[in-house]
Amino acid sequence: MIISHLRAFIKFKGDSFLLPSQNPLSSSRFSPHAALLASLLHSNSFSNNGDRPLSRYQKVANLDDAFNLFDEMTQRRPLPSVVKFNQLLNAVAKMNHFSCSLDLFKQMCLIGVPVNEYSMSIAIKCCCQMSRTNDGFALLASCFRRAVVPNVYIFSTLLDGLVIEDRILEAENFFKKLIKQKLCEPDVVMYSTMIKGLCKFGNNDIAIGLLRLMDERGCKPNVVIYSTIIDSLCKDKLIEDAFKLFKEMVFAKGIQPDVITYNSLIHGLCNLCRWDEVSKLLKEMEEDLRISPDLHTFSILVDALCKEGRVDEAEAVIDIMVERRVVPDIVTYNTLIDGYCLRGEMTKARTLFDSLTSKGFVPNVVTYSSLLNGYCRSLKIEEAMHLFHEMTRKGLKPCIVTYSTMLQGLFRVGRCGAARKFFDEMQAQGLIPDECTYGIILDGFCNNHQVEEALSLFHLVGDSKLNYNIVVYNILIDGMSKCGKLDIARDLFQDLTLKGLQPDVRTYTVMVSGLCGEGLLKEANHLFRKMGESGCPPDGVTYNVLLQGYLKKQNYDDVEMLLQEMDGRRYSLDASTLSMLIDEIAAGSVDRSMLKLIGKLVPKEMMDTTAVPR
DNA sequence: TTAGGGTTAG
């Protein structure tokens, strides 16, 4: 449906160029092609800052040009105005060369260019973008020395720096202090920065509160503010709330949504696999509002289709975007490579990877990591190793995700020694293991029967934040009980409550499984019943685990009751529990009268492949 | 005649 809509619209889009109102250059004197060319020419050549052509200080193509120009400027007498220097500084920052831009700023100061609030805000932005917000604050202090009065631009940039570094409490305090001490009156950009920070930390309600407050204080919210909160709600799967805010923005406030607003909503719907609504939204944005989907929109669609395993449709979307002259970028292709890898189609993944260079793209660390992940998932560890070395040879620095992928692959094939080497190398590179890496290593050791290694790492990590994570306990409890170390599993289970961690359904399930494994059915059942009381009711997996425990111990008394409870809660039997039940029925240990009940508990997709005896 | 905010991938 999405594809047919996108395809149908190519024609519509083509026609729309013929509308004279679209572009002042396209009048009836021009042929359609001339109008099209005129419109492209107009949009590509000039309109970076209104209709004014860029100055030579703003359009430097690369770093060399920038440095040469800067040298030339410093030679001139009198020195060029600070405006020209600021333009160059900003051009370098816009190329993401923050460190270089900062160097130029320092040289400006040294040679006595009278830096102003514009120069300061660019320099501070460079610090903040490099996660060096403290240096940004040091520059703020130097404003006073340089007789530059910090303004709302400078303060917003610093506030954003704190948000970038996840220093949310400091950001809130800074924001409050600015208002309280009347250092500046927040404008719509500063509010949006604070709102972004609140959203980043899951405080959607407070963010909405601030939206109301700014309105009351006479600062009108705009599409950026609304889109920020809408996006956050979508990411938290609160799609209905997102649409409520969207409607408020459009109908109550009269603010027009733009392509970014739609991208967030489309992304939110894709994550929930609500494809019909995605199509509806695409149609609405294009046909009603004349907003064309952009590169982001297409990437979101490609990614969502790949994650659903609908790679053919993802390919079709890329074809359509090309037809519609939206040029795919490396993100689009990385997503598709990931899609192939997820389906184990490694030949296709590799072919696409190899064709990227001829398409004019340079594979980046994500491209390599995606393909590595594919090889690791298919247990082709030699190919993965080879690719890993290829990427380092090409000067790409493996990141934490690359290492985690390799570690997972090596553990899967039982190469614990090599995994340990990679882990050491990763740390030697200055990369600090995150929760995900740590989990992979603990899980890897446990699955390879090296529970002592896992435990010693766990103790080495000690009181670090990494160990304040229920996932860590779930891995260890599971690992310990599977290796017959139920006592340690029990200790860990006790330990987590002392630490103030809340067991989740997985924690209980692995513990129930461990107890069942040792034949301690009474204790397993006791824990199972405690789950509901603790506000964490058993899920389908817990029921299957307990059922298997009973069946293995040939304790059939509670089987029917458990099956009935499962039916009441609409849980299903998994393949191995079902097979055990069938065996028991065949052996006459379980009454055939339960067959009807069992039949109700077989998931539909299993019905086609499993023969339940009648 | 120069500066600050929102959307995509492993």
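Since this is a predicted model, take the numbers as computed values, not measurements. Numbers restart at 1 for each chain; the letters A, B, ... are given by sequence-line order, proteins then strands.
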Look at A/Asn90 and B/dA3 and indicate whether a side-chain polar atom (N or O) is within less than 4.0 Å of OP1 or OP2. yes

Looking at A/Arg76 and A/Glu72, is any side-chain nitrogen of the basic one under 4.0 Å from a carboxylate oxygen of the acidic one? yes

Please collect all salt bridge (charged side-chain N to carboxylate O under 4.0 Å, His left out) contacts where either partner lies in residues 101-125 of chain A, sequence neighbours excluded, each pair once. none

Side-chain N or O of A/Lys200 versus OP1/OP2 of B/dG5: is the shortest distance under 4.0 Å? no

Above 12 or not: heavy atoms from other molecules or residues under 6.0 Å from NZ of A/Lys359? yes

Pairwise salt bridge (charged side-chain N to carboxylate O under 4.0 Å, His left out) hits with a residue in residues 368-385 of chain A, at least two apart: A/Glu382-A/Arg415

With the threshold set at 4.0 Å, does a side-chain nitrogen-carboxylate oxygen contact exist between A/Glu240 and A/Arg274? yes

Under 3.5 Å, is there an N or O donor on one side and an acceptor on the other linking the side chain of A/Thr228 and the base of B/dG6? no

Does A/Glu284 form a salt bridge (Lys or Arg N to Asp or Glu O under 4.0 Å) with A/Lys280? I'd like the steps, not just the answer. CA-CA 6 Å; A/Glu284 175 186 301; A/Lys280 217 177 108 196; over 6 Å; no

For DNA chain B, which residues in residues 182-197 of chain A have a heavy atom at a distance below 4.0 Å? A/Asp187, A/Val188, A/Val189, A/Met190, A/Ser192, A/Thr193, A/Lys196

Mind listing the residues from residues 107-128 of chain A sitting with a heavy atom below 4.0 Å of DNA chain B? Number order is fine. A/Asn116, A/Glu117, A/Tyr118, A/Ser121, A/Ile122, A/Lys125

Looking at residues 375-392 of chain A, who's got a heavy atom less than 4.0 Å off DNA chain B? none

Looking only at side-chain N and O atoms, does A/Lys94 come under 4.0 Å of OP1 or OP2 in B/dG4? yes

In whole angstroms, how far is the C1' atom of B/dT2 from the CD atom of A/Gln87? 5 Å

For A/Asp443, all residues meeting side-chain hydrogen bond (donor to acceptor under 3.5 Å, both in side chains), sequence neighbours excluded: A/Asn447

Mind checking if A/Val302 touches a base, just sugar-phosphate, or nothing, with heavy atoms under 4.0 Å? nothing

